[in-house]
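Computed from a predicted model, the values in this text were never measured in an experiment. Both backbone and side-chain heavy atoms feed into the values below; hydrogens, waters and symmetry mates do not. Every chain is numbered from 1, with letters handed out A, B, ... down the list of sequences.
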Amino acid sequence: MDREEYVEAVLRAVESIPEGSVATYGDIAEYVGQGGPRQVGAIMREYGGGVPWWRVIRASGVPADEVGDEQLHRLRSDGVRITNGRVNLRDARWDPQD
DNA sequence: CAACTGACGGCCT
DNA sequence: GAGGCCGCCAGTT
């Protein structure tokens with residue numbers, strides 16, 4: 001799998017996160033089956049426009065620093081419960097079989 | 001080729 | 001729960 005295919009695979013994975021749920025960078029990497037969380041983050045930074053990037057957060061439930069406020073706002077309008085600037089992953093975490 | 005970098009994560013205080 | 005530390009891994013210097 002070359003880099004372009006990898007980028008496409010990551011973007012498709014993000015697109016498949018349904019409204020109302022979230023995935024971690026690590027979740028996406030695992031789902032794609034290649035690379036790691038940092039690769040996913042790098043791809044979101046570069047190619048994230050065009051996909052629901054706000055549904056990808058850190059494993060701690062906190063969004064990436066740069067986009068944090070907008071991300072939380074978008075998630076809330078998705079219907080995701082936010083408590084103290086954090087997403088409750090136990091509720092909202094993406095399950096690929098959906 | 002070595003060093004640095006970072007939309008990260010898990011483990012240990 | 002919050003930091004600090006270190007591992008990870010691909011891209012850039």
Reported [atom1]-to-[atom2] distance for the pair [X] and [Y], which is rounded to 0.5 angstrom:
X: Y25(A); Y: I43(A); atom1: OH; atom2: CD1; result: 12.0 Å
X: D95(A); Y: I17(A); atom1: CG; atom2: CD1; result: 12.0 Å
X: E8(A); Y: E15(A); atom1: CD; atom2: CD; result: 9.0 Å
X: R12(A); Y: I28(A); atom1: CZ; atom2: CD1; result: 12.0 Å

Practice item. Check the distance between dA7(B)'s C1' and R55(A)'s CZ and give it to me in whole angstrom. Key: 17 Å
Check your understanding: What do the steps show when you test L75(A) against V22(A) for side chain to side chain contact (heavy atoms under 4.5 Å, CB included), and what is the final call?
Key -> CA-CA 9 Å; L75(A) 283 173; V22(A) 299; 3.6 Å; yes
Practice item. Mind running a 4.0 Å heavy-atom check of residues 6-33 of chain A against DNA chain C and sending the residues that fall below it, in number order? Key: none
Review point. So, E5(A) side chain and D2(A) main chain: donor-acceptor pair closer than 3.5 Å or not?
Key: yes
For residues 76-84 of chain A, please give each side-chain donor-acceptor pair under 3.5 Å, one per line with the distance, not counting sequence neighbours.
from: S77(A); atom 1: OG; to: R74(A); atom 2: O; distance (Å): 2.9
from: D78(A); atom 1: OD2; to: W54(A); atom 2: NE1; distance (Å): 3.1
from: D78(A); atom 1: OD2; to: R55(A); atom 2: NE; distance (Å): 2.7
from: D78(A); atom 1: OD2; to: R55(A); atom 2: NH2; distance (Å): 3.3

Point to revise | Range on DNA chain C touched by chain A - first to last nucleotide, heavy-atom distance under 4.0 Å | key: dG1(C) to dG11(C)
Identify each atom pair where a protein N or O and an N or O of nucleotides 3-6 of chain B are less than 3.5 Å apart, giving names and distance.
from: dG6(B); atom 1: N9; to: R38(A); atom 2: NH2; distance (Å): 3.2
from: dG6(B); atom 1: N3; to: R38(A); atom 2: NE; distance (Å): 3.2

Review point. Taking a hydrophobic cluster as the set of Ile, Leu, Val, Met, Phe, Trp and Tyr residues connected by side-chain heavy atoms closer than 4.5 Å, whether directly or through intermediates, do M44(A) and Y47(A) fall within one such cluster?
Key: yes
Exercise for review: Identify whether Y6(A) and V14(A) are in the same connected component of the hydrophobic contact network (ILVMFWY, side-chain heavy atoms under 4.5 Å).
Suggested key: yes
Point to revise | Pairwise ring-ring contact (aromatic ring centres under 6.0 Å, His included) hits with a residue in residues 66-98 of chain A, at least two apart | key: Y31(A)-W94(A)
Review point. Do P37(A) and T24(A) touch side chain to side chain, with heavy atoms closer than 4.5 Å?
Key: no
Would you tabulate the nitrogen or oxygen pairs shorter than 3.5 Å linking the protein to nucleotides 11-13 of chain B?
none

Check your understanding: Considering all heavy atoms of both residues, which atom of A29(A) and which atom of G36(A) are nearest to each other, and what is their separation?
Key -> CB-C, 3.6 Å
